[in-house]
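Quick notes on the structure that follows.
Convention: sequence-line order gives letters A, B, ...; per-chain numbering from 1.
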Number of protein chains: 2
Amino acid sequence: MEPTKSELEILQVLWEHGPSTVRFVNDKLNEEKRAVQYSSTLKLMQIMAEKGIVMRDESSMKHIYSPAEPEDKTKSALLERFVDSMYKGSASSLVMQLFGNKNTSAEELSEIRDFLKNLD
Amino acid sequence: MEPTKSELEILQVLWEHGPSTVRFVNDKLNEEKRAVQYSSTLKLMQIMAEKGIVMRDESSMKHIYSPAEPEDKTKSALLERFVDSMYKGSASSLVMQLFGNKNTSAEELSEIRDFLKNLD
DNA sequence: TCAAAGGTAGGAAAAATTTCGTACGAAAAA
DNA sequence: TTTTTCGTACGAAATTTTTCCTACCTTTGA
């Protein structure tokens, strides 16, 4: 299913730090993003569990949440939807926009060139 | 400001077809996307005008709406926000994901290689 | 002229998303 | 044991976004 904006923030914490408690996620959000109440984060993560976006291990009192799908799979899906809706599915259009209007570091560029070279 | 999902759909019609009436945009949405009432599209476009996302020419009875910002500028901003939030700002990560997990056509690939070659 | 068609405006309702207060149970500390 | 701390659950409220009803005006065609 479709993660909402707030759900995505939570997923990102789980991706970065692995399976976590609500407390941990909430702390990270407050450190890295914005003020948010514990109960709000809890509620959101409960909803995500209902939707099947995350799995919940209830064996101990402190429930442990983890992403239901691998990070790559979710990100790919989101990226693909982004390309489809914004660039009519043209990956090259996206790349050109990405490097046309932005100043990307030389390292990044050569990294990409190498990557593309080895793609065949 | 931030276009919402529905607002983005409208912007895309305006980008593709140029300045348009509400009627025209609504028809396109119904053709290309989904069933939506004229008054819903009207309302949304009025809100977008208030927010400054689109400009409105009221000189004739049929108001003409056009994007307030150039397509590239808006798309770049959205893309940048996407990269920042999903790939911590790393354009190369995005590109690798884009081509790693997806089967991109050979044409697209060479197009991009050429593009990157001429970037310096 | 006058009805029909097509336009805008505005408000209210509906739906989706986000936030948080409160209750209550378990664990830990005093 | 008793109190405090820390956890979940639940429901309701607030906010944001989306949808559409209705009123009313202008243009067009019969």
Side-chain angles (χ1 to χ4, degrees), chain A residues 1-14 17 19-66 68 74 78 81-82 85-86, chain B residues 1-14 17 19-66 68 74 78 81-82 85-86:
Chain A
M1 200 178 291
E2 291 285 291
T4 67
K5 221 169 239 183
S6 304
E7 289 173 346
L8 203 51
E9 285 182 344
I10 289 173
L11 275 181
Q12 280 161 350
V13 174
L14 296 180
H17 298 95
S20 310
T21 62
V22 175
R23 173 68 58 196
F24 180 85
V25 172
N26 186 247
D27 286 351
K28 286 295 166 198
L29 290 181
N30 278 280
E31 284 167 25
E32 299 170 2
K33 301 269 180 177
R34 66 211 158 75
V36 58
Q37 222 58 33
Y38 174 86
S39 55
S40 306
T41 303
L42 169 65
K43 183 62 166 188
L44 222 30
M45 291 177 75
Q46 287 173 337
I47 291 173
M48 291 169 78
E50 277 176 27
K51 288 194 192 172
I53 295 179
V54 296
M55 300 277 104
R56 176 169 53 189
D57 173 358
E58 307 182 3
S59 61
S60 104
M61 183 193 162
K62 305 185 183 184
H63 297 176
I64 306 291
Y65 290 77
S66 47
T74 302
L78 291 174
R81 224 152 10 82
F82 189 82
S85 90
M86 294 283 290
Chain B
M1 201 177 291
E2 291 285 290
T4 68
K5 221 169 238 184
S6 303
E7 289 173 347
L8 203 51
E9 285 183 345
I10 289 172
L11 274 182
Q12 278 160 349
V13 173
L14 296 181
H17 298 96
S20 310
T21 63
V22 175
R23 173 68 57 196
F24 180 85
V25 172
N26 186 247
D27 286 350
K28 287 294 166 199
L29 289 181
N30 279 281
E31 284 167 25
E32 299 168 4
K33 300 270 181 175
R34 66 209 160 76
V36 58
Q37 223 58 34
Y38 174 86
S39 54
S40 305
T41 304
L42 169 63
K43 184 62 166 187
L44 222 30
M45 293 177 73
Q46 286 172 337
I47 291 172
M48 292 169 77
E50 276 177 27
K51 288 193 193 172
I53 294 178
V54 296
M55 299 277 105
R56 177 168 54 189
D57 173 356
E58 307 181 1
S59 61
S60 103
M61 183 193 163
K62 306 184 181 183
H63 297 176
I64 307 291
Y65 290 78
S66 46
T74 301
L78 291 173
R81 221 142 18 78
F82 189 82
S85 91
M86 295 283 289

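- Between the P atom of C:dG6 and the NE2 atom of B:H63 lies a distance of 18 Å, rounded to the nearest Å.
- No hydrogens or angles were tested; on distance alone, a donor-acceptor pair under 3.5 Å links the side chain of A:K43 to the base of D:dG11.
- The distance from atom CD1 of B:I53 to atom P of D:dT17 is 10 Å, rounded to the nearest whole Å.
- If you take NZ of B:K5 and P of C:dT17, they are 8 Å apart, rounded to a whole angstrom.
- A:N26 has its CG atom 12 Å from the C1' atom of C:dT19, to the nearest Å.
- Comparing C:dT17, C:dG7, D:dC6 by their nearest atom to the side chain of B:R23 picks out C:dG7.
- Summarising the geometry, the separation between CD on A:Q37 and C1' on C:dC20 is reported as 7 Å, rounded to the nearest angstrom.
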Inset, instruction - Take B:E9 and B:R34, measure what salt bridge (charged side-chain N to carboxylate O under 4.0 Å, His left out) needs, and give me the verdict at the end. - result: CA-CA 11 Å; B:E9 285 183 345; B:R34 66 209 160 76; 2.7 Å; yes
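- Among C:dA9, C:dC20, C:dT19, the nucleotide with an atom closest to any side-chain atom of A:L44 is C:dT19.
- For A:R56, the side-chain atoms get nearest to D:dA9 when compared with the rest of D:dA9, C:dT18, C:dA9.
- In this entry the distance linking CD of A:E9 with P of C:dT17 reads 15 Å, nearest Å.
- As rounded to whole Å, 11 Å separates atom P of C:dT19 from atom CG of A:N30.
- Here the OG1-CZ distance, from B:T41 to B:R23, works out to 9.5 Å after rounding to the nearest 0.5 Å.
- For A:S6 and C:dT17, the shortest distance from a side-chain N or O to OP1 or OP2 is not below 4.0 Å.
- Residue contacts for A:Q46: at a heavy-atom cut-off of 4.0 Å it reaches a base atom on one of the strands shown.
- If you take OG1 on B:T21 and CG on B:N26, they are separated by 9.5 Å, rounding to the nearest 0.5 Å.
- In this structure, B:H17 and B:F24 have perpendicular ring planes: the angle between them is above 60°, well past the 30° mark.
- With values rounded to the nearest 0.5 angstrom, A:L11 atom CG is found 9.0 Å from A:M45 atom CE.
- Remark: P of D:dG7 and CE of A:M45 are 12 Å apart, rounded to the nearest angstrom.
- B:S39 comes within contact range of at least one nucleobase, with a heavy-atom separation under 4.0 Å.
- Listed candidates were C:dT19, C:dA9, D:dT19. Nearest to the side chain of B:S40 is D:dT19.
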